[in-house]
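Working notes, beginning with the structure itself.
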Amino acid sequence: MAELSKTYDPKTVEPKWYQRWIDNHDFEADANSKKKPFSIVMPPPNITGVLTLGHVLNNSIQDILARRARMQGLEVLWLPGMDHAGIGTQTAVEKWLKKNEGVTRHDLGREKFLQRVLEWQDKHGGIIIQQLKRLGCSCDWSRQRYTMDESYARAVAEVFVDLYKKDLIYRGRRMINWDPAAQTALSDEEVVNKPQRGNLYYVRYEIVDQPGKFLEVATTRPETIMADTGVAVHPKDKRYVDLVGKEVWRPMPREKIPVVADDAIDPEFGTGVLKVTPAHDKLDFEIGQRHKMAVIDVLTPDGKINCPAVPELHGLDRFEARKKAAELLEARGLLAKAEPHENNVGFSDRSDVPIEPRLSEQWFLKYPKTKEALAVVKRHIIRFYPKHWEKVYEQWINNIQDWCISRQVWWGHRIPAWYRRNSGTVEAGVSPAGKEKQPGTAAATEEVRVQIGSPGEGWRRDDDTLDTWFSSWLWAFETMDEKTRKKFYPTSALVTGPDIIFFWVARMIFAGLEFKPGKTKKIEDNIPFHDVFFTSIIRDKQGRKMSKSLGNSPDPLDLIDKYGADGLRFGLLRIAPSGQDIRFDEKQIEEGRNFATKLWNVSRFRQMHGPSSAESKLENLSIYAIEVLARLNETIDSIERGYRDYEFNQIAQRLYDFIWSDYCDWFVEAAKTEIFSEDESRKKSALAVMDYVLSAIVRLLHPFMPHITEELWSLLGLGEGSIQFATPPKKIALKDVDLAKRKLVAAIYETVQAGRNLRALAKIPSNQKAKYALRSNQKGLESEQETITRLLNASEVILDPKFQSGAGTPIATTALGEILLIVDVDLSAERERLDKEIAKVEADLRIVESKLGNKSFVDRAPRDVVELNRHRQKNYTEQLAKLNEARAKL
RNA sequence: GCGCGCUUAGCUCAGUGGUAGAGCGCUUGCUUCACACGCAAGAAGUCAGAGGUUCGAACCCUCUAGCGCGCACCA
């Protein structure tokens, strides 16, 4: 057994063990194993990503589950991988190219650009994998997958073809969310609403057959007036009922447009008149459809005005054009007023610019198996933890819309659709599904084929790629080969953030149910996972989300350097409640580190008293040993409940309390009597209990703090082999006669605390021994006298039920009886101190007496004191002591 | 507008029908033979507010207020 160093050094210990685990292939899953399976697929981080605290929390939890399962003798597969993150990666590489080489992707062209992405990825990508290793994640790295792996990419394409054949994927010209910065379509989920301050402009539209009379229309977007092809009112709105069917003049460019009646209009809003701009608003588009209005698009893909008929606005950015349009209207006397107005505007989640509703030719997916997917969650075939996310999931599924899956980016899975022109009627240069989707492009003049390989000469492939989530939704099973799937699918648990419940969790459920990768066709064999645990979202001290731009996100690697991976993991887990946000404070990580040190030191203390043994017999148990073993049993129960309910903070807190308080502060301190005893059998018994509990502790703690526990397991020689495969501790059977002694232990501990309190109040310094007397009728207390003396740091504890004390002796009542602090006042020594304190004591007395009214504290009957609660009794004792001091002096 | 959370010590949060808890911070004492990343003691709370159920409510129910989140609306 090697000697334990003075302090624990995670910097050397942690990498040492990680390397050893890797070398031993300890994390690799065997699909042929006869053990029961346990599997998790890692939510694949972006290849461009670096480790955040969110990842730390998420992956620590997965690691805890994986390590716990390994200890329980299960065959564990924790499958890691990465996501190609189409838009995100493309943007990152474009930025890099712009900065370093001053070129855009268009300068390079598609093929060369993609080549550069691959090069960039080799150089800068995948950092996060190394970081996860430093955190101690026990993933099967031999099975690491990537959404751009050839086989995975093929599966994505096959799924596309399959769904197309089932008529679930279709191409259509519809209103989509357009990101003018990234210049691509987005799904509804990629749009976040933000309240924005702006103006509501009241614009005057002249009535055609009533010159000089105007209809006022309230709008927030005057820059789209040129695209108006009608105005609409509510059919029952009396103010405008006469105008329905007539025409008004569009202010610019001046043109006649119809007034229609439509139920979708809210008469309460603005003037109750809506300008209908079918090309630039979803609702307007629907109204336009109902009333057969024309569609005029006045915006370019990058969000500039495209309207040569109004040269003042043509070419302007959409926000500049808004101001300019208002000015133009005002100059023409067509702006009645503008008032401040707050409304929600959809922003691109990625680019953080307002999205533009846009009519565009895109690919869509009609979600399969939505009813079934809702049912498996409601019937708890899949369980959500915490449960309340079920409602969020249900609400989304009930309002589900078709998914726009095509993206106008180059980096990603290219859509397996092919086009061939039927004749020469289509003008050259306009791609059928490319980024330029001007209304009016004739798509009917071409043939479409959806298949993996090219149909032959003359066919050109769709330029677009698929939404990254369209590949991620297959992650639970396309990352596995046939044999692995047979053993490990459905996976046991999914650990992820609630922010991707729609993006990923729900869609994976659809995919599992639709593609049925399981060993039978039964639903329960095809769900992607049994349990879903939604982690907390980590915020900063002020409650803000962690973000790069705010700079409030600490680098986990820095934290690991400072506190160790184990300290970081434990500190974070201990404060991670389920289903609520975490407010992060580095202090909490420091506590994790301190806890590791505490464990290290108590182990060091044990090791100083000779070698540990894994199989020492527990016999001649002291009452303190019984107490700590009973508490260990309770801890094991509590931890089991914690794992069952995914309450990781509860597990961590329980371990913290048990180790620090029950084991270190009470048991080890009490056991020192035996450990330092001349009686070898008593010493042996105490050390055996220490070993037993220590062995249990490190095993219980191992999933949370894998490195230090392995180090201690090995250094102390607590068991054979790696702790990773050691069985978790089971509860020890304690006899009822033994358990009956717990009451006595509790009484002793209470008495010790009361006695320490007395000495503190009497101002006896911690390093001085104090003298006590214990008036108790408890039998068999003599055998505990030594330990009580030790715990009280006493020179002597007199056991005498009839002990007579002088008046004013500080006293406390406990379950054991009465404990008295015997102060031998050496007047000459104490005189000076008393002189100094006398004034303070007198002041205190006045306060006490005023609080008690006229009744003097000292006159209170002792019988009352016994009945007072402990808190007040302490005050009484304190004041009594002070009174006596004062009296003696006076 | 609909839905989901939250409100407990100065701070961050546990608790969940039966005497209000932890860590940090604060006060006091202590380098006592594992640990100052420590030990011991202490102060500190109208458990958001109002009703109700109950022998008993921080906990269960109803309402109110404030904060946060999701969805919808968003001319």
Side-chain angles (χ1 to χ4, degrees), chain A residues 4 6-8 188 192-193 195-196 200-203 217-221 224 231-232 264-266 269-277 281-284 287 341-346 386 388-396 398-399 498-499 501-502 537 539 541 543 563 567 571 574-577 579-585 587-588 590-609 647 649-650 653-654 656-657 660-661 664-665 668-669 672 676 752-761 763-769 791-793 869-871 874 878:
Chain A
L4 270 63
K6 174 94 180 164
T7 51
Y8 172 60
D188 294 343
V192 285
N193 287 313
Q196 293 292 305
L200 191 57
Y201 300 92
Y202 289 77
V203 184
V217 178
T219 179
T220 53
R221 303 202 61 187
T224 62
V231 297
I265 306 304
D266 173 9
F269 190 93
T271 59
V273 188
L274 169 73
K275 71 183 199 62
V276 185
T277 320
D281 185 275
K282 201 177 172 213
L283 178 68
D284 290 18
I287 294 171
H341 177 69
E342 188 165 294
N343 67 340
N344 275 328
V345 176
H388 68 254
W389 292 109
E390 282 176 16
K391 276 228 162 183
V392 177
Y393 174 81
E394 180 176 359
Q395 194 181 344
W396 182 72
N398 285 337
N399 294 303
D499 47 336
I501 184 167
F502 312 137
I537 289 175
R539 297 175 179 279
K541 262 186 180 173
Y563 306 111
R574 194 159 75 96
I575 50 135
Q580 259 173 262
D581 295 353
I582 302 180
R583 299 228 173 177
F584 179 79
D585 186 342
K587 270 265 176 252
Q588 293 150 342
E590 199 182 318
E591 283 173 39
R593 188 269 318 260
N594 294 353
F595 180 57
T597 308
K598 186 72 182 176
L599 178 66
W600 182 258
N601 272 297
V602 77
S603 305
R604 204 158 68 88
F605 174 72
R606 169 62 192 88
Q607 176 255 10
M608 286 171 176
H609 297 94
E647 299 267 5
N649 59 326
Q650 185 202 304
Q653 185 60 41
R654 184 77 199 198
Y656 186 91
D657 290 342
W660 207 305
S661 175
C664 293
D665 290 347
V668 172
E669 290 307 322
K672 280 179 177 172
F676 291 114
V752 166
Q753 274 191 308
R756 287 168 176 171
N757 178 238
L758 293 179
R759 68 139 60 213
L761 293 175
K763 301 238 151 63
I764 298 172
S766 312
N767 57 353
Q768 271 180 45
K769 303 260 182 195
L791 292 175
L792 279 169
N793 190 24
N869 66 35
R870 214 174 119 207
H871 171 70
K874 279 176 189 168
E878 179 179 13

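Letters go in sequence order (proteins before strands), and every chain restarts at 1. Worth knowing before you read on, the calculation uses all heavy atoms, side chains too, and leaves out hydrogens, waters and symmetry mates.
Note on A:I764: nothing from the nucleic acid sits closer than 4.0 angstrom, heavy atoms only. Using a 4.0 Å heavy-atom criterion, one finds that A:L200 contacts the sugar-phosphate atoms exclusively. Looking at heavy-atom distances under 4.0 Å, A:D284 makes no contact with the nucleic acid at all.
Across the P atoms, B:U46 and B:U32 are found 41 Å apart, a figure rounded to whole Å. Using C1' as the reference atom, B:C55 and B:G1 are 44 Å apart when rounded to the nearest Å. With C1' as the reference atom, B:A20 and B:A44 are 13 Å apart, rounded to whole Å. Going from the C1' atom of B:C67 to that of B:A48 covers 11 Å, rounded to whole Å. B:C2 and B:C73: their C1' atoms are spaced 11 Å apart (whole Å). Nucleotides B:G66 and B:A22 are separated by 27 Å at their C1' atoms, to the nearest Å. For the P atom pair drawn from B:A9 and B:A72, the interatomic distance equals 36 Å after rounding to whole Å. Rounded to a whole angstrom, the distance from the P atom of B:C6 to that of B:G21 is 23 Å.
Side-chain nitrogen and oxygen atoms of A:N193 include none within less than 4.0 Å of the OP1 or OP2 phosphate oxygen of B:C74. Between A:N601 and the phosphate of B:G38, there is no side-chain N or O to OP1/OP2 separation shorter than 4.0 Å. Taking only side-chain nitrogens and oxygens, A:Q753 comes nearer than 4.0 Å to OP1 or OP2 of B:A41. Between B:C37 and A:R593, no contact under 4.0 Å exists linking OP1 or OP2 to a side-chain N or O. Considering only side-chain N and O atoms, A:K282 lies nowhere under 4.0 angstrom from the phosphate OP1 or OP2 of B:C73. Applying the 4.0 Å criterion to OP1 and OP2 of B:C71, one finds that A:W389 has every side-chain N and O outside that range.
Taking only side-chain atoms of A:E669, from C-beta outward, the nucleotide of B:C37, B:C13, B:C35 with the closest atom is B:C35. Listed nucleotides B:C74, B:G70, B:C13 differ in distance to A:R583; the shortest reach to its side chain belongs to B:C13. Nearest nucleotide to the side chain of A:R574, out of B:G23, B:A34, B:G70: B:G23. Of the candidates B:U12, B:G38, B:C24, B:U12 carries the atom nearest the A:Q588 side chain, counting heavy atoms from C-beta on. Considering only side-chain atoms of A:E591, the nucleotide from B:C37, B:G23, B:C39 that sits closest is B:G23. With B:A40, B:C35, B:G23 as the candidates, the nucleotide lying closest to the side chain of A:K598 is B:C35. The listed nucleotides are B:C71, B:C4, B:U12; the one nearest the side chain of A:H388 is B:C4.
Ring to ring, A:H341 and A:F269 are close: their centroids are under 6.0 angstrom apart.
Just one residue in the list A:V231, A:D284, A:D266, A:V217 forms a side-chain contact (heavy atoms from CB on, under 4.5 Å) with A:L274, and that residue is A:D284.
Judged by atom type and distance alone, A:Q395 does not reach the base of B:A72 through any side-chain donor-acceptor pair under 3.5 Å. No N or O donor and acceptor, one from the side chain of A:K391 and one from the base of B:C4, sit under 3.5 Å apart.
Remark: B:G23 base-pairs with B:C11; criterion is Watson-Crick or G-U wobble with both hydrogen-bond distances under 3.5 Å. With a 3.5 Å ceiling on both atom-pair distances, the Watson-Crick or G-U wobble partner of B:U62 is B:A50. When both distances must be under 3.5 Å, the Watson-Crick or G-U wobble mate of B:C55 is B:G18. A 3.5 Å limit on both hydrogen-bonding distances identifies B:C67 as the Watson-Crick or G-U partner of B:G5. Summarising the base pairing, B:A72 is matched to no nucleotide, lacking a Watson-Crick or G-U wobble pair whose two defining distances lie under 3.5 Å. The base-pairing partner of B:C35, taking Watson-Crick or G-U wobble contacts with both distances under 3.5 Å, does not exist among the strands shown.
Summarising the geometry, the separation between CD1 on A:I501 and C1' on B:G5 is reported as 14 Å, rounded to the nearest angstrom. In this structure, the NZ atom of A:K672 is 9 Å from the C1' atom of B:C35, given to the nearest Å. At whole-Å resolution of the value, CH2 in A:W396 and P in B:A72 are 11 Å apart. Here the P atom of nucleotide B:G21 and the OH atom of A:Y656 are 18 Å apart, to the nearest Å. Regarding A:Q653, its CD atom lies at a distance of 8 Å from the C1' atom of B:G23, rounded to whole Å. Following rounding to the nearest Å, A:K587 (NZ) and B:G23 (C1') show an atom-to-atom distance of 11 Å. If you take CG of A:N757 and P of B:U28, they are 17 Å apart, rounded to a whole angstrom. Atom OH of A:Y563 and atom P of B:C24 are 14 Å apart (whole Å).
For A:K672, the NZ atom counts as densely surrounded, since its 6.0 Å shell holds more than 12 non-hydrogen atoms of other residues, nucleotides or ligands.
In the model, A:D657 has a side-chain atom that pairs as donor or acceptor with a side-chain atom of A:Q653 under 3.5 Å.
Formation of a donor-acceptor pair under 3.5 Å by the A:N601 side chain with backbone atoms of A:T597 is found in this model. Judged by distance alone, the side chain of A:R593 and the main-chain N or O of A:G571 form no donor-acceptor pair under 3.5 Å. With hydrogens and angles ignored, the 3.5 Å screen pairs no side-chain donor or acceptor of A:Q768 with any backbone N or O of A:P765.
One finds the CD atom of A:E590 at 4.5 Å from the NZ atom of A:K587 (value rounded to the nearest 0.5 Å).
With A:Y656 as the aromatic partner, A:K598 does not meet the cation-pi criteria of under 6.0 angstrom to the ring centre and within 45 degrees of the ring axis.
Comparing A:V668 and A:R759, the nucleotide of RNA chain B nearest to each residue sits closer to the 5' end for A:V668. Between A:T219 and A:D188, the one whose closest nucleotide on RNA chain B sits nearer the 5' end is A:D188.
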